[in-house]
Amino acid sequence: MSEKPGDIRSQRIEKIEKMRESGINPYPNRYERKDRIADVVAAFDETKPVKVAVAGRIKSKRVMGKASFGNVEDFSGSIQFYAARDIMGEEEYALYKTHDLGDHVGVEGETFLTQKGEISIKVKKLVLLSKCIQPLPVVKEKDGQVFDEFSDTELKYRHRYVDLIVNQKTRKDFLMRSKIVSGIRRFLEENDFLEVETPMMHSVVSGAAARPFVTYHNTLDMELFLRIAPELYLKRLIVGGFERVFEMNRNFRNEGIDTRHNPEFTMVEIYQAYADYNDMMDLTERLFTTLAEQFFGTTDIPYQGETLSLKGPWRRVRFVDAIKEVTGIDFSAIKSPAEAVSAARKIGLEVDESMGIWKIADEVLGERVEKTFQNPTFLTDYPKELSPLSKSFEDNPDYVERFELFIAGREMANAFTELNDPFDQKERFEGQSKMRDEGDAEAMMIDDDYITALEYGLPPTGGLGIGIDRLIMLFVDTASIKDTILFPLLRPDGQQDI
RNA sequence: GAGGCGCUAGCUCAGUCGGUAGAGCAACUGCCUUUUAAGCAGUGGGUCCGGGGUUCGAUCCCCCGGCGCCUCACCA
């Protein structure tokens with residue numbers, strides 16, 4: 001009788017209308033759920049049937065006339081139920097038969113084992129808790145093989161809730177993300193780090209090389225930038241006497257989107273007074289191996305068809321040595337940009353003199369070297385020019401005490417001995433500011449207050465940043481960062497959903 | 001931002017060398033009281049991403065646009 005007969009949504013709306021007419025509320029306010037499904041399954045004893053009341057979504061339904069099997073699923077798991085007219089009563093059973101896949105129901109009854117040996121609930125009473133009027137994709141499974149998986153990437157990201165309802169792998173991956181994030185927090189807390197929250201809206205763009213999102217505060221009548229990194233605030237806290245701090249939260253960078261980049265991404269930044277970049281390497285290594293052992297029981301983890309060994313100690317190789325090893329180019333011996341250009345061109349890279357020696361070196365590294373680091377590798381001792389916030393070696397001012405960690409060819413972490421010399425920092429800021437004036441949109445701005453903070457004295461400090469989304473990619477074995485972010489940024493599709 | 005690929009039923013996908021479309025699952029109707037990718041019989045369901053062009057006729061060919069994916073560039 002609907003306007004569009006055959007349309008599943010209209011059919012279900014009709015069902016709702018009928019229920020309302022007969023005084024049944026398809027969206028009741030409350031249900032006394034007494035048991036979690038996983039607990040019911042775990043506690044099952046064939047010789048001792050127990051009364052249970054579970055709640056969840058109907059995930060499957062197999063009706064055989066006057067009796068029926070189905071599965072309800074809650075967050076903890078899934079269980080089969082057996083609904084029979086003789087037990088439920090004719091009216092209740094008829095109503096149950098109108099319920100659809102995706103409906104939330106409360107199921108009460110006694111546990112029993114079917115002839116085929118499946119733990120089930122013999123339904124005494126089944127009540128609708130929330131009607132699902134949208135047709136769910138039907139994903140079936142047998143012997144671990146998944147049929148008709150809901151696989152349209154666009155729909156998965158746009159309607160993540162549907163993805164979570166029907167695809168077990170998605171649910172598992174995000175559960176894993178949650179657990180890893182809390183594992184990281186636990187690890188840091190156990191190591192006496194204090195979690196802090198610093199501003200997300202900055203008036204100065206600094207702390208990393210990236211283009212910011214710009215926003216505006218009405219009352220103050222000023223431009224603000226969404227933070228690209230919390231770094232400078234966290235170091236202010238070290239100045240303030242918090243010796244070990246971390247912040248695990250979102251950064252925003254107005255850059256491209258691809259399998260490794262989302263404009264908002266999660267980063268943990270960690271600062272430790274009286275430590276240097278070597279201590280940060282140890283900390284990083286311990287964190288990763290602790291997580292691997294916790295979640296896999298081993299440091300060998302599968303990733304995209306390969307096995308990565310996270311077992312320490314990890315390889316440490318100097319920036320210039322790594323480039324030399326892979327390409328034969330020794331940047332420590334190169335004296336002029338022209339020389340660097342010709343070396344880079346020899347291996348087929350497009351660069352020009354204005355980049356300077358070290359940006360060219362960085363280009364060579366990114367193009368030819370990084371992908372060779374499959375197992376964890378600390379790339380250390382960066383050139384000063386590429387690192388405006390890191391401290392130089394006492395005996396070699398051209399290089400800084402910094403490392404980046406690569407796993408599976410991807411940058412996973414960045415750390416250094418923090419530059420705490422206010423005079424040096426001021427000079428570096430001025431250099432950045434000049435680059436900015438010359439059109440480098442990613443160069444930092446001068447943060448005068450930060451210089452003032454340094455003038456109060458930042459103790460020798462090690463700092464470390466780890467990209468959480470990328471770490472998760474590793475642990476849930478996915479090739480795209482979007483599979484680790486519940487709601488990745490997409491363009492609006494311009495269509496009305498539904 | 002550039003190039004390549006894709007977009008067909010609620011989902012997963014066929015297909016039309018240009019004559020306005022089909023399967024499986026889901027839905028609806030009937031049968032079925034131990035099924036589990038339940039089964040059997042029948043039915044309905046589509047602006048074939050949008051707009052324009054070519055054509056007697058376009059879902060298909062051409063152009064423009066939208067969204068997604070992949071590769072590249074920037075970046076973590």
Side-chain angles (χ1 to χ4, degrees), chain A residues 2 4-12 14-15 59-71 78 80-88 93 98 100-102 112-118 120 122 132-143 145-159 162-163 166-167 208-211 228-229 251-267 350 362-363 366-367 370 404-406 410-414 440-442 465-471 473 479-482 488 490-495 498:
Chain A
S2 87
K4 276 196 287 172
D7 173 45
I8 296 173
R9 185 167 171 271
S10 314
Q11 289 170 352
R12 294 191 182 179
E14 264 182 69
K15 288 180 183 176
K59 291 304 287 288
S60 64
K61 235 179 130 180
R62 299 173 288 281
V63 181
M64 300 149 300
K66 299 174 193 66
S68 167
F69 285 95
N71 276 76
S78 167
Q80 181 170 257
F81 60 82
Y82 173 70
R85 196 184 64 173
D86 291 353
I87 306 170
M88 294 172 72
Y93 184 72
T98 70
D100 295 291
L101 298 187
F112 78 111
L113 203 64
T114 63
Q115 288 175 4
K116 294 278 165 65
E118 182 158 344
S120 306
K122 195 167 282 175
C132 171
I133 62 174
Q134 291 279 359
L136 282 175
V138 181
V139 179
K140 298 199 174 185
E141 205 184 326
K142 191 187 187 182
D143 303 331
Q145 207 189 335
V146 178
F147 297 85
D148 295 336
E149 183 186 4
F150 178 54
S151 57
D152 184 299
T153 45
E154 187 172 356
L155 284 177
K156 272 161 64 85
Y157 300 147
R158 287 194 199 283
H159 296 176
V162 175
D163 189 21
V166 303
N167 287 335
R211 299 165 66 169
I228 57 172
N251 287 343
F252 307 86
R253 299 191 184 174
N254 208 335
E255 316 264 4
I257 300 175
D258 62 27
T259 48
R260 274 149 234 191
H261 302 267
N262 194 61
E264 50 180 306
F265 64 102
T266 302
M267 176 110 140
E350 255 323 299
D362 201 33
E363 179 73 15
E367 285 301 310
E370 286 179 5
E404 287 199 353
L405 167 67
F406 291 87
R410 234 174 256 150
E411 186 188 338
M412 302 292 300
N414 181 19
D440 186 344
E442 289 167 7
I466 299 170
I468 297 299
D469 314 283
R470 291 190 179 174
L471 184 154
M473 286 172 72
S480 171
I481 198 168
K482 288 194 175 75
L490 297 182
R491 271 200 152 91
D493 65 1
Q495 281 172 29
I498 292 168

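Below, read A as the first sequence line, B as the second, and so on, with proteins coming before strands; counting in each chain starts at 1. As the structure is a prediction and not an experimental result, all values here were calculated from the model.
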Rounded distance in Å between the [atom1] positions of [N] and [M]:
N: B/rU12; M: B/rU33; atom1: C1'; value: 33 Å
N: B/rG45; M: B/rC11; atom1: C1'; value: 14 Å
N: B/rA41; M: B/rC5; atom1: C1'; value: 42 Å
N: B/rU47; M: B/rG66; atom1: C1'; value: 16 Å
N: B/rG65; M: B/rA2; atom1: P; value: 10 Å
N: B/rG15; M: B/rC56; atom1: C1'; value: 24 Å
N: B/rC62; M: B/rA23; atom1: P; value: 29 Å
N: B/rC60; M: B/rG6; atom1: C1'; value: 15 Å

Classify the nucleic acid contact of [X] as base, sugar-phosphate or nothing, counting any heavy atom under 4.0 Å across all strands shown.
X: A/E411; value: sugar-phosphate
X: A/F81; value: nothing
X: A/T114; value: base
X: A/K482; value: sugar-phosphate
X: A/E350; value: nothing
X: A/V139; value: nothing
X: A/E118; value: base
X: A/G467; value: nothing
X: A/S151; value: sugar-phosphate
X: A/K15; value: sugar-phosphate
X: A/F150; value: sugar-phosphate
X: A/L136; value: nothing
X: A/T259; value: sugar-phosphate

Per atom distances to the A/K140 side chain, the nearest of B/rU34, B/rA26, B/rG68 is B/rA26

Does any nucleotide pair with [N] by Watson-Crick or G-U wobble geometry, both distances under 3.5 Å, and what is it?
N: B/rC72; result: B/rG1
N: B/rA21; result: none
N: B/rG50; result: B/rC64
N: B/rU59; result: none
N: B/rU43; result: B/rA27

Centroid distance below 5.5 Å plus an interplanar angle below 30 degrees: do A/F69 and B/rA38 meet both conditions? no

Is there a side-chain contact between A/K116 and the phosphate of B/rU35, meaning an N or O under 4.0 Å from OP1 or OP2? yes

